[in-house]
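In listed order, ligands and their atoms are each counted from 1.
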Amino acid sequence: MDLYEHQARGLFEEHGILVPRAEVTDSPKKAREIARRLGGRVVVKAQVKTGGRGKAGGVRLAADPAAAELTARQMLGMDIKGHTVGKVMLAQPVDIEAEFYVSYVLDRAAGRFLAIASAEGGMEIEEVAASRPEAVARIHIDPAEGVTSAKAGEIAEAGGLPPQTVDVLVRLWQVLVREDAVLVEVNPLVRTRQGQILALDGKVTLDDNARFRQTRWGAQEKEHDDALEAAAAAKGIDYVKLDGEVGIIGNGAGLVMSTLDVVAGCGARPANFLDIGGGASARTMADGLSVILSDPAVKSVFVNVFGGITACDTVAEGIVRALDTVQLTKPLVVRLDGNNAARGRAVLDEHAHPMVQQATTMDGAARRAAQLATKA
Ligand code: GDP
Ligand code: MN
């Protein structure tokens with residue numbers, strides 16, 4: 001589970017990492033009050049679970065409380081890479097002298113954690129790594145040893161971070177271990193003109209496998225990514241919102257994952273991940289379709305089903321019945337293959353819904369759905 005910036009900074013704070021004073025709200029009026037409390041001038045930051053908010057207009061300086069209200073009003077409801085801004089954080093501005101990058105991430109292949117550190121913070125680390133790989137230090141961490149002061153010193157030196165950051169590096173490791181995270185990232189970690197080391201941004205991914213022992217997670221989860229994910233979660237559907245325009249429904253996580261790849265290979269971008277699982281009842285199909293169709297970014301929908309235990313004709317009947325309850329506002333491309341595929345196709349042919357087309361192969365269906373999405 002990914003956390004919002006304001007949730008991540010809450011964890012940093014609990015572990016003794018300095019962060020700027022800040023408060024979160026979903027109301028422009030409250031934004032004005034908060035700005036007043038924080039001294040007038042504030043940084044307004046969109047709370048969305050995606051990076052690069054700065055470039056997308058999701059991080060802006062407001063000179064006074066009135067400007068903070070206006071900025072908050074503009075930012076709330078804004079779309080950043082397919083994520084709707086539901087809350088903004090207002091933070092006391094910081095006089096930045098230097099920006100650093102630091103993260104710990106689980107390296108599954110190595111069976112270790114990886115520390116990544118760079119003196120070129122603030123920018124996207126992937127870009128730094130691509131253009132100047134020598135500026136990004138990567139050091140493995142033995143999970144049994146963890147990040148001691150000595151190890152933190154080694155990481156700081158390799159990344160070109162000042163010795164003052166060692167304490168933060170140790171504390172950040174404690175965040176990872178105690179909170180059961182598989183990723184903690186601070187970009188930028190800054191040195192202020194006053195010489196303080198502050199975490200100005202934070203990304204934390206919690207390890208879902210640790211759910212059983214992390215009773216506090218319930219509260220974090222209540223703040224869902226967006227209304228769609230919340231609606232899907234309420235219906236018990238495995239749905240993840242993505243940034244594209246081709247809605248996707250499939251049966252089985254593996255098939256859905258490869259469907260995303262095939263759609264991307266056709267030059268379109270998937271709008272979501274949605275696995276209806278093995279059952280694929282009319283009910284699940286209707287719930288899945290209604291979640292996808294209520295995403296305004298979706299231009300076409302690709303239903304990709306490989307009949308195994310669940311036969312294609314059952315799925316086709318599910319689709320037909322779903323269309324009784326869901327108004328189809330966008331073209332649907334259906335590919336049925338596997339168990340009882342011919343019967344399934346016949347069911348859809350017979351129904352002859354004007355917005356439904358069939359394709360016999362996964363590639364063909366993906367191409368069609370991609371075309372429909374880019375034409376729309
Ligand atoms: P991101 O673009 O989603 O990674 O959002 P960040 O929180 O990292 O903000 C982007 C950039 O805005 C940072 O790298 C800083 O350069 C700048 N920024 C954010 N907060 C402040 C602040 O309080 N003062 C100053 N001067 N710059 C800030
Ligand atoms: Mn950042």
**Q** In this structure, which one of T192, I96, L189 forms a side-chain contact (heavy atoms from CB on, under 4.5 Å) with L200?
**A** I96
**Q** Heavy atoms only, cut-off 4.0 Å: how does K45 contact ligand 1, side chain, backbone, both, or neither?
**A** side chain
**Q** Tell me whether the guanidinium CZ or amine NZ of K49 lies under 6.0 angstrom from the six-membered ring centre of Y4 and within 45° of its axis.
**A** yes
**Q** Distance to 0.1 Å, residue and atom name: give those for the protein heavy atom nearest to atom 9 (O) of ligand 1.
**A** V59 CG2, 3.9 Å
**Q** With respect to V94, determine whether any N or O atom, backbone or side chain, lies less than 3.5 Å from an N or O atom of ligand 1.
**A** yes
**Q** Can you confirm, on distance only, whether ligand 1 has an N/O atom lying under 3.5 Å from any N/O atom belonging to G54?
**A** yes
**Q** Relative to atom 19 (C) of ligand 1, which among V44, L200, I80 owns the nearest non-hydrogen atom?
**A** L200
**Q** For P188, is the nearest heavy atom under 4.0 Å from an atom of ligand 1?
**A** yes
**Q** Can you find a protein heavy atom under 4.0 Å from atom 17 (C) of ligand 1?
**A** no
**Q** Give the residue, atom name and distance (to 0.1 Å) of the protein heavy atom nearest atom 5 (O) of ligand 1.
**A** R53 NH2, 3.2 Å
**Q** Under 3.5 Å, N or O to N or O, is D201 touching ligand 1 that way?
**A** yes
**Q** How far is atom 27 (N) of ligand 1 from its nearest protein heavy atom, and which residue and atom name does that atom have?
**A** I96 CD1, 3.4 Å
**Q** So which heavy atom in the protein is nearest atom 14 (O) of ligand 1, and how far is it from that ligand atom?
**A** E99 OE2, 2.9 Å
**Q** Is ligand 1 less than 4.0 angstrom away from at least one heavy atom of P20?
**A** no
**Q** Is the contact between N187 and ligand 1 made by the side chain, the backbone, both, or neither, using heavy atoms and a 4.0 Å cut-off?
**A** backbone
**Q** Quick one: does R53's side chain have a donor or acceptor within less than 3.5 Å of a partner on A46's backbone?
**A** yes
**Q** Could you tell me whether K203 and D201 make a salt bridge, using a distance below 4.0 angstrom between a side-chain N and a carboxylate O?
**A** no
